[in-house]
Amino acid sequence: MVERVIRRISEAVLLCPRDLQPYGDEFRVIGVFNPGAVRFNHQTVLLSRVAEAPRELRLGFAGLPRWESNGKVVTDWVAEDELDCTDPRVVRQKSDGAQRLTSVSHLRVFRGPSQGNTTWTPGPLLLPTSPMEEFGIEDARITEIDGTFWITYVAVSRQGVATALASTHDFETFERHGVVFCPENKDVVLFPQRFDGEYVALHRPNPNSRFGPPEIWIARSHNLLQWGQHAPLYRGSCAWESDRVGAGTQPVLLEEGWLVLYHGCRTTPTGGIGAYSAGAMLLDRQNPSRILRRSHEPVMLPTSAFEQFGFVDNVVFPTAVIHSGDSLSVFYGAADTCTGVVEFSEREMLAALR
Ligand code: MAN
């Protein structure tokens with residue numbers, strides 16, 4: 001049976017690197033992407049990842065940025081012949097296998113109208129503050145629980161890739177709660193309500209031992225800080241998601257269950273970075289450990305030029321959904337370069353899940 005391709009009612013690029021000033025004078029913005037997004041005070045608030053790389057180029061050297069504990073960003077220059085540079089995002093030192101990112105990210109608030117996509121007013125910056133954020137903070141997801149906005153984000157350091165938690169009531173000031181999922185773990189999204197008194201999160205452990213590909217897991221907590229009852233929820237089973245999957249958007253409650261969009265990627269036949277596409281799953285209203293239906297083909301593929309060409313080609317990476325009537329606005333990162341939004345019909349999305 002041929003899976004129905006879901007129609008994009010509209011699509012728009014909201015933010016591009018050229019719209020932004022870098023944080024550091026000696027840096028340039030190479031991406032503004034993978035945004036958390038919520039409605040707040042009749043506005044749409046985005047918390048986008050801003051990736052910066054050194055402005056300077058030195059022939060034969062890679063400039064690898066990092067935050068120092070004094071709050072400054074510095075660049076280490078490492079000879080390219082000491083590095084494996086096959087991935088534009090990350091290099092690996094040949095001598096000991098240690099990894100470094102080629103850019104450093106922070107998070108920035110942008111406020112826009114609740115309808116339409118034209119003007120985005122920049123707001124506060126969330127900068128790396130702890131040694132566990134030395135190589136940057138990335139890919140925020142926002143969930144409102146009882147009037148507080150909880151933000152899970154990726155913290156990268158020489159300890160690895162972890163997930164940390166922050167909270168805010170107004171997107172002006174933020175409280176940081178530290179690492180809640182230790183390395184290697186990312187793509188953490190929180191449900192907006194408790195189940196039998198417990199908070200629930202989806203997360204994505206990424207073990208070094210490859211007994212199988214990384215999977216989406218589910219966990220529970222009494223306080224959002226300590227997590228337990230970990231259990232696997234979903235392992236990508238289709239070719240387009242065969243290398244890895246990770247939860248994408250904060251779960252939204254629809255009549256039929258919790259809708260979550262996630263990303264999946266495959267490697268190229270030569271082991272290079274393959275396309276990142278998006279799938280969707282519907283989880284049971286009362287028991288979110290139960291998958292009711294899911295997409296067997298991607299609901300979003302990198303089909304537009306701004307999704308196909310960028311810092312990393314062929315990437316759609318959904319990180320937020322805003323639901324209103326029959327409309328699902330999916331906010332996402334395109335080609336690790338721009339922030340985009342696509343509108344789907346809820347009815348058509350659900351019809352594609354089985
Ligand atoms: C990884 C992360 C994301 C990024 C995708 C696509 O999952 O680095 O931040 O958007 O890859 O490159």
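Every number for a ligand or one of its atoms is a count from 1 in the order of the listing.
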*asked:* Could you check whether Glu297 pairs with Arg354 (Lys NZ or Arg NE/NH1/NH2 to Asp/Glu carboxylate O, under 4.0 Å)?
replied: no
*Of all heavy-atom pairs between His230 and Ala219, which one has the smallest distance, and what is that distance?*
ND1-CB, 3.4 Å
*Contact between Arg244 and ligand 1, counting heavy atoms under 4.0 Å?*
no
*asked:* Quick test: of every protein heavy atom, which one is nearest to atom 2 (C) of ligand 1, and how far off is it to 0.1 Å?
replied: Lys186 NZ, 3.5 Å
*Option passing side-chain hydrogen bond (donor to acceptor under 3.5 Å, both in side chains) with Arg141 (candidates Thr163, Asp187, Thr152)*: Asp187
*Look at atom 3 (C) of ligand 1 and say which protein heavy atom is nearest, naming residue and atom and giving the distance to 0.1 Å.*
Asp139 OD2, 3.4 Å
*atom 7 (O) of ligand 1: which protein heavy atom is closest, and how many Å away?*
Phe317 CE1, 3.6 Å
*Cationic N near anionic O, under 4.0 Å, Arg293 to Glu256*: yes
*Report the part of Asn34 (side chain from C-beta onward, or backbone N, CA, C, O) that has a heavy atom under 4.0 Å from ligand 1; answer both or neither where that applies.*
side chain
*Which residue owns the protein heavy atom closest to atom 11 (O) of ligand 1, what's the atom, and how far is it?*
Arg89 NH1, 2.9 Å
*Quick check: does Tyr276 get an N/O under 3.5 Å from an N/O on ligand 1?*
yes
*Check the hydrophobic clustering (I, L, V, M, F, W, Y; side-chain heavy atoms under 4.5 Å; chains of links allowed) and say if Leu46 and Val109 are grouped together.*
no
*Sub-4.0 Å atoms of ligand 1 with respect to non-hydrogen atoms of Asp336*: 4 (C), 6 (C), 10 (O), 12 (O)
*asked:* Looking at Thr267 and Asp243, would you say the former's side chain and the latter's main chain have a donor-acceptor pair under 3.5 Å?
replied: no
